[in-house]
Amino acid sequence: MTFLGTATSLGVPMIGCDCEVCHSSDPRDKRLRSSIYVETPECAWVVDTGTDFRTQALRENIRRLDAVVFTHSHTDHIMGFDDLRRYSHDLGSIPVYASAETMRDLERVYEFAFNGKNRFPGYLVPVPHIIEGAFRLGETSLTPLPVPHGRTTVNGYLFVRDGRKLVAYLSDCSAVPEAIAEQITGVDVLIIDALRHKPHPTHLSVTQAIEVAAKVRPGRTLFTHIIHELAQASEADLLDGVGIAYDGLKIDL
Ligand SMILES: [Zn+2]
Ligand SMILES: [Zn+2]
Ligand SMILES: [Zn+2]
């Protein structure tokens, strides 16, 4: 699994900001919009195609992409959608997995891709799959984890292989309901929204993310969806087993 991006919607550095983190010399403080790339022996997929998707795909030299899974339709998660055409071209089309609500937004914003009128081979041909429960990509089962994100509900995902809970990905959430925490208990890697130290109406703070991790007791916790107020160096203040993810970080599961 590769972290393609670990930033909140503004990216880090933020346009026109002179703060310490935006001028940091630590390359890990340069963050593109949040997304992960998952490779398995059978297939590969991305979760979200944000504004920086093309840059991320070039950086990581992504040659294989069999499907795309969406958490929700905020612009920082969907604005790279059209760049999927490079993969769609090779496959003939590309499967898109999203909740009914997110799919509705994708179909509205990218109407030209979904209406099927342009059959030019270089054009994006998405094949919608509405998520209504757990589904499989190759040998991996993906269970949607509906979590509150301010006033909306978005999907996190739990990846399970051979009965092992490998990853829970909760990139955007303002709370993790008890039932979801229970469902992901003991997961190998918890990837969780931890925007900054100060509370925020639609994202977890560092303290809140740590509280969730204490309930879930994962093998390892990695924070994502970071804003410029949180320096990579502040990872040193966190407990063992808790870290801040950064762009390009790869983990073997
Ligand atoms: Zn800044
Ligand atoms: Zn969002
Ligand atoms: Zn977001």
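Both counts, for ligands and for their atoms, begin at 1 and track the order of listing.
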Under-2.8 Å protein N/O/S neighbours of the Zn ion (ligand 3), ordered by chain then residue number: Asp76 OD2, His77 NE2, Asp172 OD2, His225 NE2
Using the ring of each side chain (for Trp, its six-membered ring), is Phe114 parallel, tilted or perpendicular to Phe81, with breaks at 30° and 60°? parallel
Test salt bridge (charged side-chain N to carboxylate O under 4.0 Å, His left out) on Lys215 and Glu178; report intermediate values, then the result. CA-CA 9 Å; Lys215 271 189 238 167; Glu178 287 297 331; 3.1 Å; yes
Restricting to under 2.8 Å, identify the protein N, O or S atoms around the Zn ion (ligand 1) as residue plus atom. Cys17 SG, Cys19 SG, Cys22 SG, His228 ND1
Please check if the number of heavy atoms outside Ile15 that lie under 6.0 Å from its CD1 is greater than 12. no
Is it the case that His200 and Thr202 place a side-chain donor and acceptor less than 3.5 Å from each other? yes
What about Ile62 and Leu249, same hydrophobic cluster or not, with Ile/Leu/Val/Met/Phe/Trp/Tyr joined at side-chain heavy-atom distances under 4.5 Å? no
So, do His225 and His77 have ring centers that fall under 6.0 Å from each other? yes
More than 12 foreign heavy atoms under 6.0 Å from CD of Glu101: is that the case here? no
Would Asp52 and Arg33 count as a salt bridge (charged side-chain N to carboxylate O under 4.0 Å, His left out) here? Give the steps. CA-CA 6 Å; Asp52 301 307; Arg33 269 50 77 90; 2.7 Å; yes
Sole residue of Tyr87, Tyr97, Phe159, Tyr37 in ring-ring contact (aromatic ring centres under 6.0 Å, His included) with Trp45: Phe159
